[in-house]
Visitor: 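Take a look at the following structure, please.
Scope of the values below: all heavy atoms of this structure, side chains included, with no hydrogens, waters or symmetry mates.
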Amino acid sequence: MIVCPNCKHQEADGAIFCSECGMQLIQYTPGDTHRFDSATGQLDEVPVPEPHVQAPAWISLHLLESGQILPISDRMEFTMGRVSENQPIMPDIDLSPFKAFDNGVSRLHAVIRNNAGNIVIMDLGSSNGTYINGTRIVPNIEQPLRHGDIVALGKLKMQVVLS
């Protein structure tokens, strides 16, 4: 069994994501590649550098009140909000378990995007606003995020962790 480090839910061996909270359970670390000399049938001693590919930045949200960390870097865009009954569109990140309703988080509150390594947030016209380091952002306009920024959706505060 694999135990999710985020919510402690037990998953079967081989699970890649937690079925409860969606956290990625295993990390892939690529190994070195080497040149193969077809004449000698040997591997060269010097590793061949892998082609440069712009990898998405690792994005996590550290919820300040609960101390939990939500890793959200397996996609390029995430909507954040809370789930309620009969809601036709669900957020990618459901903040309901973190007192989202009590803290004024809208059903579809904000979106975080990775634009070629530039991380941005955009308020989706929420009722109680989105704040970066205490400053309310204008709805429907992307704002850059940096490592360590404090984002508040209504009163729900989280710190952005980029690595």
Visitor: Please answer whether the main-chain N or O of V120 pairs with a side-chain N or O of E142 as donor and acceptor at a distance below 3.5 Å.
Guide: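 Side chain of E142 to backbone of V120, a donor-acceptor pair under 3.5 Å: no, none is there.
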Visitor: If two hydrophobic side chains count as joined below 4.5 Å and joins carry through other members, does V160 share a cluster with L153?
Guide: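 Linked within one cluster.
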Visitor: Under the 3.5 angstrom rule, does the side chain of D149 hit a backbone N or O of R146 as a donor-acceptor pair?
Guide: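 At least one qualifying donor-acceptor pair exists.
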Visitor: Quick check for you: to the nearest 0.5 Å, what is the distance between S60 atom OG and Q68 atom CD?
Guide: 12.5 Å
Visitor: For a side-chain contact (heavy atoms from CB on, under 4.5 Å) with K155, tell me which candidate from V105, N103, N128 qualifies.
Guide: N103
Visitor: For the residue pair R82 and A100, what are the closest heavy atoms and their distance?
Guide: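 For R82 versus A100, the nearest heavy atoms are CB-CB, 3.8 Å.
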Visitor: Should M80 and L108 be marked as a side chain to side chain contact (heavy atoms under 4.5 Å, CB included) after you check the CA-CA gap, both sets of side-chain angles, and the distance that decides it?
Guide: CA-CA 6 Å; M80 298 183 294; L108 284 178; over 6 Å; no
Visitor: As a quick check of understanding, evaluate side chain to side chain contact (heavy atoms under 4.5 Å, CB included) for H147 and V161, giving each step before the final call.
Guide: CA-CA 5 Å; H147 177 73; V161 180; 3.9 Å; yes
Visitor: Linking I/L/V/M/F/W/Y whenever their side-chain heavy atoms sit closer than 4.5 Å, directly or via other members, would F101 and L95 fall into one cluster?
Guide: no
Visitor: Looking at CD1 of I93 and CZ of F78, how far apart are the two atoms once the value is rounded to the nearest 0.5 Å?
Guide: 6.0 Å
Visitor: At their closest point, which heavy atom of T79 faces which heavy atom of P91, and how far apart are they?
Guide: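 Heavy atoms of T79 and P91 come nearest at OG1-CA, 3.3 Å.
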Visitor: Of the non-hydrogen atoms in S127 and S106, which two are nearest, and what is the gap between them?
Guide: N-OG, 3.1 Å
Visitor: When hydrophobic residues are tied together by side-chain contacts of less than 4.5 Å, even through go-betweens, does V151 share a cluster with I59?
Guide: yes
Visitor: On a heavy-atom basis, which atom in E77 and which in D92 lie closest, and how many Å separate them?
Guide: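 Answer, listing the atom of E77 first, then D92: O-OD2, 3.9 Å.
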Visitor: Taking all heavy atoms of L70 and all of F98, pick out the closest pair and write down the distance.
Guide: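 Closest pair (atom of L70, atom of F98, distance): CD2-CZ, 4.0 Å.
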Visitor: Are L162 and I132 linked, directly or through intermediate hydrophobic residues, by side-chain heavy-atom contacts shorter than 4.5 Å (ILVMFWY only)?
Guide: yes
Visitor: Side chains of D94 and S96: do they bring a donor and an acceptor to under 3.5 Å?
Guide: yes
Visitor: Taking all non-hydrogen atoms of both residues, which atom of I137 and which atom of I121 are closest, and how far apart?
Guide: CD1-CG2, 4.2 Å
Visitor: Are I141 and L124 linked, directly or through other ILVMFWY residues, by side chains that come within less than 4.5 angstrom of each other?
Guide: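 Different clusters: I141 never reaches L124 through Ile, Leu, Val, Met, Phe, Trp or Tyr contacts under 4.5 Å.
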Visitor: Got a salt bridge between E65 and K157, using NZ or NE/NH1/NH2 to carboxylate O under 4.0 Å?
Guide: no
Visitor: Taking the side chain from H62 and the backbone from Q159, do they hold a donor-acceptor pair closer than 3.5 Å?
Guide: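 No: the side chain of H62 does not pair with the backbone of Q159.
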Visitor: Do the side chain of N133 and the main chain of I150 share a donor and acceptor less than 3.5 angstrom apart?
Guide: yes
Visitor: Show your reasoning for whether side chain to side chain contact (heavy atoms under 4.5 Å, CB included) applies to L63 and I69.
Guide: CA-CA 6 Å; L63 297 165; I69 296 176; over 6 Å; no
Visitor: Checking M122 against Q143 for the side chain to side chain contact (heavy atoms under 4.5 Å, CB included) test, could you report, in this order, the C-alpha distance in whole Å, the side-chain angles of both residues, the deciding distance, and whether it holds?
Guide: CA-CA 6 Å; M122 182 173 66; Q143 298 292 321; over 6 Å; no
Visitor: Check whether any side-chain heavy atom of T130 sits under 4.5 Å from a side-chain heavy atom of H109, and report yes or no.
Guide: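 SC-SC contact between T130 and H109 confirmed.
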Visitor: To the nearest 0.5 Å, what is the distance between CG on N118 and CG on L145?
Guide: 11.0 Å
